[in-house]
J.: 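Okay, here's the structure, questions in a sec.
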Amino acid sequence: MIQRTSGPADSLSINHPPAVVVDGISKRYGSRIALSGISLTVKSGEFFGLLGPNGAGKTTLVEIMEGLRQADSGTIRVLDAPPWPRNVALLPRIGVQTQSSAFFVRQTAREHLATVAALYGTEDSAVDRTLETVGLTDQRGTRVEDLSGGQRQRLAIASALVHEPELIFLDEPTAALDPQARRSLWDVLRALKEMGRTIVYTTHHLDEAEALCDRVAILVAGRITALDTPRGLVEKTGQPTRLLMPAGRVSEERARAITGVDRVVVQDGSLVLETQAAGKVLSALDTIGGLEGIQTRTATLEDVYLVLTSDTQHEADGPNEEHQA
Ligand code: ATP
């Protein structure tokens, strides 16, 4: 497991207790093990991402943090309080958007959000402000049942934000959003972070996690495989930089002989040079035939994720019942 204990988010936690402390949490559904000894800390003000293949246990973990599920073992504290048994004092302080949010479908979007706001005792002016934030002002008079999937998703997010909670849980918030709406939600989430809110969210969009998260945990089959900043993960797993050049410019043999080139492959009509020393290799290529047409692809969180989850993907897909001798 890759775990870094210091990083940019450390400055956020000064003078604030952690937002979430999970210690040795396990959970099973019948014989299926969903979580196995998970420990992690989410710092106050941190944007924390939970990543992992389908069935890895992300939703189960988030629901335990939210106080919607009880762990079988281990301890958990949210804003310095236990979320289970259902902790009513925590509710105004946390915002929750789940994958199956409930709606008052016969109400308009505004009426729905006003109802949610009233349940929290939030002033009515917050309703229009939040509709604006999630880009639903034009749909304020539309019945919830007539909203599109993406618009409902935004209303679910608005319902998690309207009472201005200090800790926000979002379970795949951008799953049904079009690219435009996804980017504008990024802006909303960044603004919330700027305000000092803590955000815990799950996503399958790795570009998004890389752009938004201070740290990410990668779950595979109920265990944490890696936990670090996105950049830290890329650096530690030593993924190479890939230099793509039009085939025929330099022979494979010549490319392989360049100092610093670790591997050469032909892919989709390009010669791909993998290296940990891109500067040196680019300089050599410049001397050989110029740099025109050469594309540089540095490793991304997605590359790291694919490496870390590929060996164990079958565990998430197949049965994982605990076998006892
Ligand atoms: P996804 O990315 O598909 O949303 P996930 O990482 O959120 O997946 P979970 O929903 O937490 O994963 O599920 C973890 C495991 O627990 C899966 O094998 C799933 O089938 C199982 N599981 C989840 N909820 C239940 C339930 N209520 N009853 C039985 N098994 C469940």
Side-chain angles (χ1 to χ4, degrees), residues 1 20 22-40 42 47-76 78 83-86 94-102 149-150 152-153 156-157 160 167-177 182 185 189 199-210 212-213 215-228 230 233 301-302 304-324:
M1 172 180 149
V20 182
V22 174
D23 189 8
I25 288 286
S26 294
K27 173 77 184 173
R28 56 162 72 209
Y29 299 103
S31 60
R32 172 157 286 276
I33 300 164
L35 297 174
S36 186
I38 299 285
S39 297
L40 60 84
V42 179
F47 201 134
F48 192 93
L50 284 170
L51 315 176
N54 292 133
K58 304 178 296 294
T59 299
T60 301
L61 180 56
V62 171
E63 288 182 351
I64 290 171
M65 292 179 185
E66 293 164 349
L68 297 174
R69 281 193 193 281
Q70 183 179 19
D72 296 337
S73 57
T75 58
I76 175 157
V78 171
W84 187 276
R86 195 90 170 123
I94 66 174
V96 172
Q97 172 256 325
T98 68
Q99 282 186 36
S100 51
S101 294
R152 279 197 199 202
Q153 180 98 331
I157 294 162
L167 172 58
I168 301 157
F169 295 102
L170 303 169
D171 200 356
E172 295 187 37
T174 54
L177 300 187
R182 194 156 84 90
L185 184 65
L189 298 178
I199 301 169
V200 177
Y201 100 136
T202 74
T203 186
H204 289 293
H205 292 294
L206 297 161
D207 59 332
E208 184 174 295
E210 187 159 17
L212 297 176
C213 292
R215 288 189 306 154
V216 295
I218 298 180
L219 260 71
V220 177
R223 293 178 191 274
I224 295 178
T225 306
L227 194 163
D228 202 342
L233 282 180
L301 182 60
E302 181 161 3
V304 173
Y305 175 91
L306 291 173
V307 169
L308 289 172
T309 57
S310 61
D311 292 347
T312 39
Q313 176 68 63
H314 64 282
E315 291 179 36
D317 292 339
N320 74 341
E321 285 80 2
E322 203 171 58
H323 297 293
Q324 293 180 351

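Basis for what follows: all heavy atoms, side chains included, without hydrogens, waters or symmetry-related copies. Each ligand, and each atom within it, is numbered from 1 in the order the structure gives.
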J.: Using modelled atom types and a 3.5 Å cut-off, is there a donor and acceptor pairing between side-chain atoms of Gln97 and backbone atoms of Asp171?
T.: yes
J.: Would Gly52 count as being in polar contact with ligand 1, using the rule that some N or O on each side must be under 3.5 angstrom apart?
T.: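 Not met; the criterion fails.
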J.: Go through ligand 1 atom by atom and flag the ones less than 4.0 Å from a non-hydrogen atom of Ala56.
T.: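 It comes down to these atoms of ligand 1: 5 (P), 6 (O), 12 (O).
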J.: Is a side-chain N or O of Lys58 found less than 3.5 angstrom from the main chain of Gly52, in a donor-acceptor match?
T.: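 Such a contact is found between Lys58 side chain and Gly52 backbone.
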J.: Taking 4.0 angstrom as the limit and counting only heavy atoms of His204, give me the atoms of ligand 1 inside it, by number and element.
T.: 2 (O)
J.: Measure from the side-chain N and O atoms of Asp72 to the backbone N and O of Arg28, and report whether any donor-acceptor pair falls under 3.5 Å.
T.: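 Yes; at least one donor-acceptor contact below 3.5 Å.
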J.: Would the distance check show the side chain of Ser26 and the main-chain N or O of Gly37 forming a donor-acceptor pair, the cut-off being under 3.5 Å?
T.: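 Checked: pair present.
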J.: Quick check on contacts: which atoms of ligand 1 are under 4.0 angstrom from a heavy atom of Thr59?
T.: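 Answer for ligand 1: 4 (O), 5 (P), 7 (O), 10 (O), 11 (O).
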J.: Tell me, do Arg182 and Asp207 make a side-chain contact under 4.5 Å, heavy atoms counted?
T.: yes
J.: Using atom types as modelled and distance alone, determine if a side-chain donor or acceptor of Gln153 lies under 3.5 Å from a backbone N or O of Glu172.
T.: yes
J.: Of all the heavy atoms in Glu172, does at least one lie under 4.0 Å from an atom in ligand 1?
T.: yes
J.: Should Arg69 be listed as contacting ligand 1, given a heavy-atom distance under 4.0 Å as the test?
T.: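 The answer is yes: ligand 1 sits under 4.0 Å from a heavy atom of Arg69.
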J.: Decide whether the shortest distance between a heavy atom of Pro53 and an atom of ligand 1 is less than 4.0 Å.
T.: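 The answer is yes: ligand 1 sits under 4.0 Å from a heavy atom of Pro53.
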